[in-house]
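Report on the structure given below.
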Amino acid sequence: AKLHQRSGYSYFTRDMGVEIRERVRMMHALRAAFEGERLFVVFQPQIHMQSGRATGAEVLLRWKTEDGSLIPPDKFIPIAEYSGLIVNIGEWVLRTACFELLQIQKIGLHDFRMAVNVSQAQFSHPNFLRSIERALSDTRVRPDCIELEITESMAMTDPEMLIATLDQIKALGVRVSIDDFGTGFSSLSHLQKLKVDKLKIDRAFVNEIVGHSDSGGIAKMIVQLSQSLNLEVIAEGVENLEQAQALLSYGCEQAQGFYYAKPMPKQELLLWLQSQSHS
Ligand code: C2E
Ligand code: CA
Ligand code: CA
Ligand code: CA
């Protein structure tokens, strides 16, 4: 029995070893990709549904490997997070967003906004505020056109820290939205204390809207919540007209999803925006 246990144990560690080595390999590859400028961003328009116009875009990170294949962010963001690389990568994403925003505002879209995803590890890093300040002052971009997307689960881990950091971010004039809203079970009384500007309805709740407009119970509830808290609201993952119409009927004015536009590179976004302004 003892022998059996021992061999079982060593089998287990060998397996773990493989997993850890794979993670370490990915981490080195990610660092090399970041330094080799093989990380880039794409932009997905956020739409004011009634007018069909873009109010802004979400910045989404992409990793192109040397053989030309793409690794999706869901695969490498977790590695960036636990390795700490996300702090530098995230800072670069924010600066890139600010620079690209200037380009877009130059074509006449003066109120266009950029939404930037922020990880827990960035948010709780002591240099986070300074890195925002630097990005703002180096680009002289309008702070109220930058929107940081934090997740609801972040709102739960350290409420005191969160409230303090949000106060400082708001003091810079930057906007904040809660991403994937409805999945993190934060308490409503807690939500009321957070200085955020916007709720982003998680794709899962938009997905539930099929056919008739009454199927989106939770999405509808989040819209109502946003109204009573005086917050903006946007639905993510809108894939068809029925969902858009249902959301509009709930009072949700903004949407993001494949139905309107896919994430696209900057040049394509500029063309897309220009074709929009002529229609
Ligand atoms: P997220 O913040 O929830 O971003 C929205 C995701 O939904 C994006 O996936 C987008 O391409 C996808 N999406 C948009 N419209 C639709 C639709 O109509 N249907 C469906 N099925 N999907 C849609 P993506 O680009 O693969 O990003 C995945 C996640 O990776 C993001 O989820 C975000 O959590 C993370 N991420 C991406 N870029 C960054 C970044 O710069 N920093 C950090 N910290 N996280 C990032
Ligand atoms: Ca997001
Ligand atoms: Ca989201
Ligand atoms: Ca999501």
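When a ligand or atom number is given, it counts from 1 through the structure's own listing order. Computed over heavy atoms, backbone and side chain alike; hydrogens, waters and symmetry mates excluded.
In Gln192, the CD atom is not crowded: 12 or fewer heavy atoms of neighbouring residues, nucleotides or ligands sit closer than 6.0 Å.
For atom 6 (C) of ligand 1, the nearest non-hydrogen atom from the set Glu236, Lys262, Arg203 belongs to Arg203. Of the candidates Ala97, Ser119, Pro73, Ala261, it is Pro73 that places a heavy atom closest to atom 30 (O) of ligand 1.
Among the atoms of Asp179, an N, O or S atom falls under 3.0 Å of the Ca ion (ligand 2). Taking backbone and side-chain atoms together, Asp180 has an N/O/S atom less than 3.0 Å away from the Ca ion (ligand 3). Metal site remark for the Ca ion (ligand 2): Glu149 contributes an N, O or S atom at a distance under 3.0 Å.
Taking the charged nitrogens against the carboxylate oxygens, Glu133 and Arg130 have no contact shorter than 4.0 Å, which rules out a salt bridge. Comment: Arg95 does not engage Glu91 in a salt bridge, judged by the lack of any side-chain N to carboxylate O separation of less than 4.0 angstrom.
Checked against a 3.5 angstrom limit, the closest N/O atoms of Glu58 and ligand 1 fall inside it. Of the polar atoms of Phe258, at least one N or O is found under 3.5 Å from an N or O of ligand 1, judged by distance alone. For ligand 1, none of its N or O atoms has an N or O atom of Tyr259 under 3.5 Å away. Taking only nitrogen or oxygen atoms, main chain and side chain alike, Asn117 reaches within less than 3.5 Å of ligand 1. Geometrically, ligand 1 and Leu60 share no nitrogen or oxygen pair separated by less than 3.5 Å.
Residue Glu239 approaches ligand 1 through these ligand atoms, each under 4.0 Å from one of its heavy atoms: 17 (C), 18 (O), 19 (N), 20 (C), 21 (N). Those atoms of ligand 1 that come under 4.0 Å of a heavy atom in Val93, given as number and element, are 41 (O). Ligand 1 places these atoms under 4.0 Å from at least one heavy atom of Gln44: 14 (C), 15 (N). Those atoms of ligand 1 with a heavy atom of Asp180 less than 4.0 angstrom away are 3 (O). Taking every non-hydrogen atom of Pro263 and a distance limit under 4.0 Å, the qualifying atoms of ligand 1 come out as 11 (O).
Looking at Glu236, its N, O or S atom nearest to the Ca ion (ligand 3) turns out to be OE1. The nearest N/O/S atom of Glu58 to the Ca ion (ligand 2) is OE2.
Using bins of under 30°, 30° to 60° and over 60° for the plane-to-plane angle, the ring pair Phe123/Phe128 lands in the tilted bin.
For the residue pair Gln44 and Gln256, a side-chain donor N or O sits within less than 3.5 Å of a side-chain acceptor on the partner.
Side chain of Glu242 to main chain of Ile209: no donor-acceptor pair is present (N/O by atom type, distance under 3.5 Å, no hydrogens or angles).
For the pair Pro72 and ligand 1, no heavy-atom separation below 4.0 Å is found. Residue contact check for ligand 1: Gly237 places a non-hydrogen atom closer than 4.0 Å to it. Taking 4.0 Å as the cut-off, Arg62 counts as a neighbour of ligand 1 on heavy-atom distance.
Both Phe181 and Val233 are members of a single hydrophobic cluster when ILVMFWY side chains are connected at heavy-atom separations under 4.5 Å. The hydrophobic clustering, which links ILVMFWY residues whose side-chain heavy atoms are closer than 4.5 Å, places Val196 and Met161 together.
When every heavy atom of Trp63 is checked against every heavy atom of Met26, the shortest pair comes out as CH2-O, 4.0 Å. Nearest approach of Ala219 to Ile201, heavy atoms of both residues: O-CD1, 3.9 Å.
Residue Val42 does not touch ligand 1, judged by heavy-atom distances below 4.0 Å.
Between atom CG of residue Asn240 and atom CD of residue Gln245 there is a gap of 9.5 Å, rounded to the nearest 0.5 Å.
None of Met114, Arg113, Glu149 except one satisfies the side chain to side chain contact (heavy atoms under 4.5 Å, CB included) rule with Glu58; the exception is Glu149.
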Open item on the list: Between Ile234 and Thr55, does the side-chain contact (heavy atoms from CB on, under 4.5 Å) criterion hold? Intermediate values first, please.
Closed with: CA-CA 11 Å; Ile234 183 168; Thr55 55; 5.8 Å; no

